[in-house]
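Scroll down for the structure; my scribbles are underneath it.
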Amino acid sequence: MLHSHLSRCWTAACELIMVMTIALIMVMSGSAQSLKSGPMVTTDPQIAAAIEQISSQQIQANINKLVSFGTRSTLSAQDQTSIAAGRGIGAAREWIKSEFERYSKDCGGCLEVKTDQYTEEPSDRIPKATEITNVYAVLKGTDAANAKRVVLVTGHYDSRNSDTLDVNGDAPGANDDASGTAVSLECARVLSKLKLPATIIFLAVAGEEQGLNGSSHFAKMAKAEGWDLQAVLNNDIVGGDKSAEQDHSVVRVFSEGVPAAATEQDIRRMRALGGENDSASRQVARYIAEIGRAYNAGVEPMLVFRLDRYLRGGDHYSFNQQGFAAVRFTEFREDFHHQHQNVRTEGGVEYGDLPKFVDYDYVAHVARLNAATLASLAAAPAPPANVHLLTKDLENDSTLTWETSPGGLATEYEVLWRSTSSPEWEHIEKVGPGTHATLKFSKDNVIFAVRAVDRAGHRSLPVVPVPER
């Protein structure tokens, strides 16, 4: 009996030694590195310096200014008299435009300030034809071969109270969504001072509370004009409401699984390969998590693998519908007394979306995370093109091929992989400047991706391969 016990112990010890030996060989050979122990992202000093310039005081001033317009209902006044009086969505629109123009003046005209204006026909929440205006600023990329690549940050500047159709009552909308608009504005202020290869758009949309109208129009315009829009960061309710149960250390990042624009062929492939957790939006979410660890923005991204909050929606979905990768940032815990409510006190409970419930330091942390992500994507090379996993032969090795990253910035590539049950990438192997790699891992057991890296260590979004027979 003692002999049997010793035999089992010896067997277990041998297995442990074998595992440790294999791990040591991998570390010594430098063949693979674990992403679990820390970020495999090279921080850029100019990006780090830029995000330090984000100011909670400036954010507070911007939110208070937006609240000062009384109501920003999409249906509220837009006539010149109301604009001059500083009330209604028209006045808010003109102020946002003037802020973008001020930032552009400060950087020598580096921003192109534009509006996307159209008439929305009557619908359930729009009783009569209504002019809707999206305001945006374009920081054009400095590299001709990469400027066509676009990343975008947005928030909605319209607000509402208990009745969506009330155009007269005050609807301060400090958290929902002056906070998200303030993030877009502050990102524009600090990032406009940088010179980056790809283009960044800073957007403020209207019509969200009426049915995602403004973002839908903007996303359709981007699709119709053939924009190479690679990532959309939507900030909606990022004020860090000061409720007792709030967790100010995290921000939720929502991302769709099966893409809204997926074809039947796409869906069949996902079912066969287990790809329902690897949409382009999920890759953006994972990228945000990695950037958050690298730059320590002050708030931790909490990845929620769901399109949005349960049975609810936001402007990122408008972009998803057009086939673009888009995610939503939202505070950890919403206080529904402070959303979509007329300002009042009932039964000792204070209702209304007022500035005093907003944590401006928290909004600044979220803005830093957004800015670091935008700048990192705009500085990075384009993702590799046409990434494939060879499946012609039955074998336990896995061979990936890809085409050179467009734009000429990439100097090498990395293969990432994770177990099929893991939410984030776990391992990485540098594979040099070539366009293929063979790994001693079975494609049956892991998910692979390939990303491009430039000389300074900026990394592209990862691309999950499709099978090639």
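- Residues Asn62 and Leu185 form a side-chain contact, since some pair of their non-hydrogen atoms from C-beta on lies under 4.5 Å apart.
- Between Phe218 and Trp227, the gap from one ring centroid to the other is short of 6.0 Å.
- Under the 3.5 Å distance criterion, with hydrogens and angles disregarded, no donor-acceptor pair is assigned to the side chains of Asn234 and His156.
- Counting non-hydrogen atoms of neighbouring residues, nucleotides and ligands closer than 6.0 angstrom, the CD atom of Glu346 exceeds 12 such neighbours.
- Look at Glu290 and Arg293 and you find no salt bridge, because none of the NZ, NE, NH1 or NH2 atoms lies under 4.0 Å from a carboxylate O.
- The line from NE2 of His338 to CD of Glu350 is 6.5 Å long, rounded to the nearest 0.5 Å.
- For Lys148, the NZ atom is loosely surrounded, since the number of other residues' heavy atoms within 6.0 Å does not exceed 12.
- One finds the CD atom of Glu331 at 9.5 Å from the CG atom of Asp176 (value rounded to the nearest 0.5 Å).
- Here the side chain of Thr130 pairs no donor or acceptor atom with the backbone of Ile126 at under 3.5 angstrom.
- Note on Glu412 versus Arg459: no salt bridge recorded, every NZ/NE/NH1/NH2 to OD/OE distance being 4.0 Å or above.
- By the 6.0 Å contact criterion, CG on Asp79 is enclosed, its count of non-hydrogen atoms from other residues, nucleotides or ligands being greater than 12.
- For the pair Asp241/Arg333, no side-chain contact is recorded, criterion being any heavy-atom separation below 4.5 Å from C-beta on.
- Taking CD from Glu414 and OG from Ser460, the interatomic distance works out to 9.0 Å, rounded to the nearest 0.5 Å.
- Side-chain contact check for Asn370 and Asn235: at least one donor-acceptor pair (N or O, by modelled atom type) lies under 3.5 Å.
- For the pairing with Thr133, the side-chain hydrogen bond (donor to acceptor under 3.5 Å, both in side chains) check across Lys97, Gln78, Gln117, Glu94 returns one residue only, Gln117.
- Counted within 6.0 Å of NZ on Lys193, heavy atoms from surrounding residues, nucleotides or ligands total more than 12; the atom is thus considered enclosed.
- The structure places CD1 of Ile291 at 5.5 Å from OG1 of Thr373, a figure rounded to the nearest 0.5 Å.
- Residues Leu416 and Phe448 fail the side-chain proximity criterion, which asks for heavy atoms closer than 4.5 Å.
- A donor-acceptor contact closer than 3.5 angstrom links the side chains of Gln283 and Asp278.
- Between Tyr351 and His337, the two ring planes are perpendicular [angle over 60°; tilted spans 30° to 60°].
- The closest side-chain donor-acceptor pair between Asp361 and Ser56 falls under 3.5 angstrom.
- With hydrogens and angles ignored, the 3.5 Å screen pairs no side-chain donor or acceptor of Thr142 with any backbone N or O of Lys195.
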- Run the side-chain hydrogen bond (donor to acceptor under 3.5 Å, both in side chains) check on Asn342 and Ser162 step by step: do they pass? CA-CA 5 Å; Asn342 286 57; Ser162 301; 2.8 Å; yes
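- For the residue pair Glu186 and Gln58, no side-chain donor N or O sits within less than 3.5 Å of a side-chain acceptor on the partner.
- Tyr103 and Glu101 form no side-chain donor-acceptor contact under 3.5 Å, judged by distance and modelled atom types alone.
- Contact annotation: the side chain of Ser255 never approaches that of Leu303 to less than 4.5 Å [non-hydrogen atoms, C-beta and beyond].
- A salt bridge does not link Arg149 with Asp143: none of the charged nitrogens is closer than 4.0 Å to a carboxylate oxygen.
- In this structure, OG on Ser216 lies 10.5 Å from OH on Tyr317, to the nearest 0.5 angstrom.
- Between the side chains of Asp335 and Ser243, not a single donor N or O lies within less than 3.5 Å of an accepting N or O.
- If you check the side chains of Asp266 and Thr263, you find a donor sitting under 3.5 Å from an acceptor.
- Between the side chains of His217 and Asn134, no donor N or O sits under 3.5 Å from an acceptor N or O.
- Look at Glu334 and Arg312 and you find a salt bridge, because one of the NZ, NE, NH1 or NH2 atoms lies within 4.0 Å of a carboxylate O, short of that distance.
- A donor-acceptor distance shorter than 3.5 angstrom exists from the side chain of Asn146 to the backbone of Gly407, with no hydrogens or angles considered.
- Asn386 places no side-chain N or O within donor-acceptor distance of the main-chain N or O of Glu403, the cut-off being under 3.5 Å.
- Side-chain contact between Ile51 and Val190: absent, with no pair of heavy atoms (C-beta onward) separated by less than 4.5 Å.
- Going from atom OG1 of Thr74 over to atom CD1 of Ile89 covers 4.0 Å, rounded to the nearest 0.5 Å.
- Of the residues Thr154, Val327, Val284, Asp308, the one that meets the side chain to side chain contact (heavy atoms under 4.5 Å, CB included) test with His316 is Asp308.
- Checking side-chain atoms of Ser405 against main-chain N and O of Ala452 turns up no donor-acceptor pair under 3.5 Å.
- Tyr136 places no side-chain N or O within donor-acceptor distance of the main-chain N or O of Val205, the cut-off being under 3.5 Å.
- Sparse packing is recorded around CD of Glu264, with 12 or fewer heavy atoms of other residues, nucleotides or ligands lying under 6.0 Å away.
- For the residue pair His340/Glu209, the side-chain donor-acceptor check at 3.5 Å is satisfied.
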